[in-house]
Structures are given as C-alpha cells and as structure tokens.
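Input: a single structure, listed below in structure tokens.
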Amino acid sequence: MQLIRSGANWFIWIAGLSLVNSVLFAVGSNWSFFLGLGATQFVDAFGNEIITGTTGQVLALIVDVLIAGIFVGIALVSRNGTPWSFIVGMVLVVLDALLLVWVADWAAVAFHGLALYFMVRGFQASRRLAALRTAAQLPPGIVPPITPR
C-alpha cells in the first residue's frame with residue numbers, strides 16, 4: 001500500500017508545483033520548479049502573449065487550476081489502488097514530457113522521467129493489490145458460511 005500511495009503522491013506534487021510555477025510566472029518571477037507541467041507553462045505563456053493583460057493572467061490561472069485539479073483527482077483515485085487511474089495519469093505525464101521535449105527543456109523532461117519511475121512502481125503495486133483482492137473473493141456460486149452469533 002505504501003508504494004501505491006508513493007506513486008499517487010507524485011501526481012499531487014506535480015499539480016502543486018505546477019500551480020506554484022504559475023503563480024510565480026504571474027508575478028513576474030523567472031524562477032520555477034522542474035517538476036511542474038509543461039502544459040501549465042504553455043497556458044501561462046498563451047495567456048501572457050496572446051490574450052495579454054490581467055484577463056490573460058486570470059484565464060491562464062483558471063485553466064492551470066483545472067489542469068492541477070485533474071492531477072489531484074487522479075492522485076485521489078490512484079491512492080485507492082485503482083490501476084486505470086495510474087495509467088491515465090502516466091499517459092498525461094508522458095504527453096506533457098513530449099511537450100517539454102518539443103521546447104527542449106531537458107531538466108524538466110528528466111524529472112518527468114523520475115516521476116514516471118515512481119508512478120510505474122505505484123501502478124505495479126496497485127496491480128498486485130487488485131490481484132490479491134480478486135483472489136480473496138469467493139468463486140461464483142459459493143455461498144459464504146454463516147456463523148452464528
């Protein structure tokens with residue numbers, strides 16, 4: 001169960017650091033975390049360059065919160081040991097890493113790889129847990145014994 005939580009927590013870290021990066025960008029800082037999402041950086045740049053002004057920053061922050069919310073939701077479902085949520089989250093992280101490859105942010109790509117390593121470990125543990133849960137179930141047609149009180 002610890003590996004599952006550890007893998008799922010990476011989704012929360014990515015979401016949180018992405019939001020911190022977005023706020024830092026909005027206030028004009030040139031500093032950011034490597035583990036943030038490239039998608040939120042793209043949204044921030046789009047809001048700053050295309051929409052411009054306060055409206056662009058506010059819209060970008062709203063979209064950033066939605067993206068981070070998706071990752072937090074994936075983390076919460078993954079913490080219960082649901083393998084499909086790990087798969088969805090890992091696909092999103094890989095797609096985000098491809099966006100970072102496109103802009104040649106190699107340090108961020110490397111940290112995405114590290115995060116994926118721990119997510120894969122969490123996914124593998126969730127599959128083992130699912131197999132144990134399935135093995136513990138009674139076969140169809142078998143009635144569990146009734147124990148008197």
Side-chain angles (χ1 to χ4, degrees), residues 1-140:
M1 200 65 177
Q2 180 62 30
L3 284 175
I4 293 171
R5 285 191 177 271
S6 174
N9 286 344
W10 278 89
F11 295 115
I12 292 174
W13 277 106
I14 289 172
L17 293 176
S18 295
L19 287 178
V20 170
N21 286 346
S22 296
V23 169
L24 288 171
F25 182 82
V27 298
S29 175
N30 291 328
W31 193 82
S32 66
F33 289 102
F34 287 124
L35 197 53
L37 291 167
T40 55
Q41 293 174 18
F42 176 79
V43 168
D44 294 339
F46 185 84
N48 191 44
E49 299 295 325
I50 305 300
I51 301 172
T52 69
T54 305
T55 304
Q57 287 182 339
V58 169
L59 289 175
L61 284 173
I62 290 170
V63 173
D64 292 340
V65 168
L66 291 173
I67 292 170
I70 290 169
F71 276 84
V72 169
I74 289 170
L76 295 176
V77 175
S78 296
R79 281 181 166 189
N80 293 327
T82 311
W84 67 263
S85 61
F86 274 103
I87 293 169
V88 170
M90 290 185 298
V91 166
L92 291 176
V93 170
V94 167
L95 291 174
D96 192 72
L98 291 175
L99 180 63
L100 293 168
V101 166
W102 182 54
V103 297
D105 189 351
W106 302 115
V109 171
F111 276 99
H112 275 57
L114 178 67
L116 278 169
Y117 168 76
F118 288 106
M119 290 172 192
V120 166
R121 288 183 55 184
F123 169 69
Q124 291 170 335
S126 72
R127 289 196 54 198
R128 287 191 297 273
L129 180 62
L132 288 173
R133 287 178 177 164
T134 302
Q137 292 178 352
L138 292 172

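All heavy atoms count here, side chains included; hydrogens, waters and symmetry mates do not.
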Report yes if the side chains of [X] and [Y] come closer than 4.5 Å at any heavy-atom pair, otherwise no.
X	Y	result
Phe11	Met119	yes
Ile4	Phe86	yes
Trp10	Val93	no
Asn9	Arg79	yes
Phe42	Val103	no
Leu59	Phe46	no

Determine the minimum heavy-atom distance between [X] and [Y], stating which atoms define it.
X	Y	answer
Ile67	Ala39	CD1-CB, 4.4 Å
Leu61	Val23	CD2-N, 4.4 Å
Gly36	Asn21	CA-ND2, 3.5 Å
Pro83	Ala130	CG-CB, 4.4 Å

Would you say the side-chain atoms of [X] pair up with the backbone N or O of [Y], donor to acceptor, closer than 3.5 Å?
X	Y	result
Asp96	Leu92	no
Ser126	Phe123	yes
Ser78	Ile74	yes

Measuring from [X]:[atom1] to [Y]:[atom2], what's the distance to the nearest 0.5 Å?
X	Y	atom1	atom2	answer
Leu129	Thr134	CG	OG1	9.0 Å
Asn80	Met1	CG	CE	6.5 Å
Ile62	Ser22	CD1	OG	12.5 Å
Arg127	Ile87	CZ	CD1	7.5 Å

Quick one: do the Asp64 and Thr40 side chains pair a donor with an acceptor below 3.5 Å?
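No, no side-chain donor-acceptor contact under 3.5 Å.
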State which residue, out of Val101, Leu98, Leu99, fulfils the side-chain contact (heavy atoms from CB on, under 4.5 Å) condition with Val109.
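Result for side-chain contact (heavy atoms from CB on, under 4.5 Å) with Val109: Val101.
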